[in-house]
Amino acid sequence: MPGWASEFLDEWSRVRGHWQELGRFFKVPAIRFFVSWFALIPVIANAMSELPDRVEVALPTGSYSVLVALPFSWQVLWVSSIFYAFAFLLYVLRCPNFIKSNPDFSAFLNKGHSYRWLAWELYYGWQGIDDRAKLADRLISKGYATEVENLSGRCDSSPRVEQRGTIWHFSHNEHAYEVCLSEEDAEQKVGDIFWEIFGRWAGSRAISRHLVWCSLMASIVLFAFVVLQNIWAGFTFFVGG
């Protein structure tokens with residue numbers, strides 16, 4: 001594989017192909033179109049299976065042969081809808097809830113959560129993300145996690161609510177660290193921690209994420225083929241006419 005292609009795929013896998021980029025492909029209009037076509041095609045195909053390609057229509061001005069067949073391949077469009085349905089189902093099942101519920105920091109703030117809640121999101125992320133080490137390194141290097149001692153087995157357990165804030169402890173490289181979040185924290189700190197959690201979830205579940213992308217690309221290519229068929233049918237009609 002050429003070097004530029006390898007670099008592009010690596011960049012895409014690490015950043016461009018993350019879960020948050022997939023959401024725009026599953027808006028309501030697209031879902032309605034593909035799901036409706038997926039459901040209706042078998043009914044239409046069964047109803048038209050006994051019809052000839054052309055039927056004779058008698059009018060006062062004469063008899064005319066009318067083409068019944070569609071100007072595009074409905075089979076291809078149906079397969080496209082299958083790929084889309086599979087991608088959508090996998091997205092619903094495997095896309096992290098944090099990404100679906102919080103597409104950006106403003107969405108998180110608009111829910112009215114206390115800043116303390118982010119300690120729980122850290123804990124949930126710690127249980128489910130693929131790259132704990134990167135999350136830990138970022139929290140430590142930015143000064144949001146401080147090293148502590150004598151935790152008596154409290155590391156990696158659920159957060160504790162205290163007067164000074166909601167506190168979560170985690171272990172990393174055989175050391176124990178503490179993250180404390182309170183209502184008095186600056187929004188910049190809370191936002192920075194939010195994006196660290198977001199980034200780790202966005203790049204998680206790589207196999208499922210790549211399967212969604214592959215299914216979407218297959219659906220888009222097949223749909224584009226049908227669009228080109230329609231364009232060609234219109235072009236030949238006007239040129240021939």
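Here, residue 1 is the first one in the sequence, and each next residue gets the next number.
One finds no salt bridge joining Glu187 and Lys189 here, because no Lys/Arg side-chain nitrogen approaches an Asp/Glu carboxylate oxygen to under 4.0 Å. Salt bridge annotation for Glu196-Lys142: present, with a cationic side-chain nitrogen under 4.0 angstrom from a carboxylate oxygen.
Tyr124 contributes atom OH, which lies 15.0 Å from atom CD1 of Ile129 (distance to the nearest 0.5 angstrom). Between the SG atom of Cys95 and the CH2 atom of Trp201 there is a distance of 10.0 Å, given to the nearest 0.5 Å. Asp137 contributes atom CG, which lies 8.5 Å from atom CG of Asp131 (distance to the nearest 0.5 angstrom). Interatomic distance, Asp192 CG to Asp185 CG, rounded to the nearest 0.5 Å: 12.0 Å. Atom-to-atom distance recorded for Phe198:CZ and His18:NE2 is 10.0 Å, nearest 0.5 angstrom. Interatomic distance, CG of Leu122 versus CD1 of Ile197, reported as 3.5 Å (0.5 Å rounding).
A distance-only check finds no donor-acceptor pair linking the side chain of Trp126 to the backbone of Phe170 [under 3.5 Å]. Of the possible donor and acceptor atoms, none in the side chain of Ser80 sits under 3.5 Å from a partner among the backbone N and O of Val76. Listed for the Asn102 side chain is a donor-acceptor partner under 3.5 Å among the backbone atoms of Phe98. Between the side chain of Trp213 and the backbone N or O of Gly17 there is at least one donor-acceptor pair closer than 3.5 Å. The backbone N or O of Arg138 lies less than 3.5 Å from a partner atom in the side chain of Ser141, making a donor-acceptor pair.
Pairs of residues two or more places apart, or lying in two chains, never qualify as salt bridge (Lys or Arg N to Asp or Glu O under 4.0 Å) while including a residue from residues 100-111.
Considering every non-hydrogen atom in both Ser208 and Arg94, the closest pair reads OG-NE, 2.9 Å. A pairwise comparison of heavy atoms in Pro159 and Thr166 identifies CB-CG2, 3.7 Å as the closest pair.
Under the side-chain contact (heavy atoms from CB on, under 4.5 Å) test applied with Val212, the options Leu22, Leu89, Leu93 reduce to a single match, Leu22.
Between Tyr84 and Phe88, the ring-plane angle classifies as parallel under the 30° and 60° cut-offs.
Every side chain to side chain contact (heavy atoms under 4.5 Å, CB included) that Glu184 has, sequence neighbours left out, goes to Ser182.
Between Phe108 and His113, a ring centre-to-centre spacing shorter than 6.0 Å is recorded.
Proximity of Ile220 to Phe25: side-chain heavy atoms (C-beta onward) are separated by under 4.5 Å at one or more points. In this structure the side chain of Val179 never reaches within 4.5 angstrom of the side chain of Tyr123, judged on heavy atoms. Residues His172 and Arg132 have side chains not in contact (no heavy-atom distance under 4.5 Å, counting atoms from C-beta outward).
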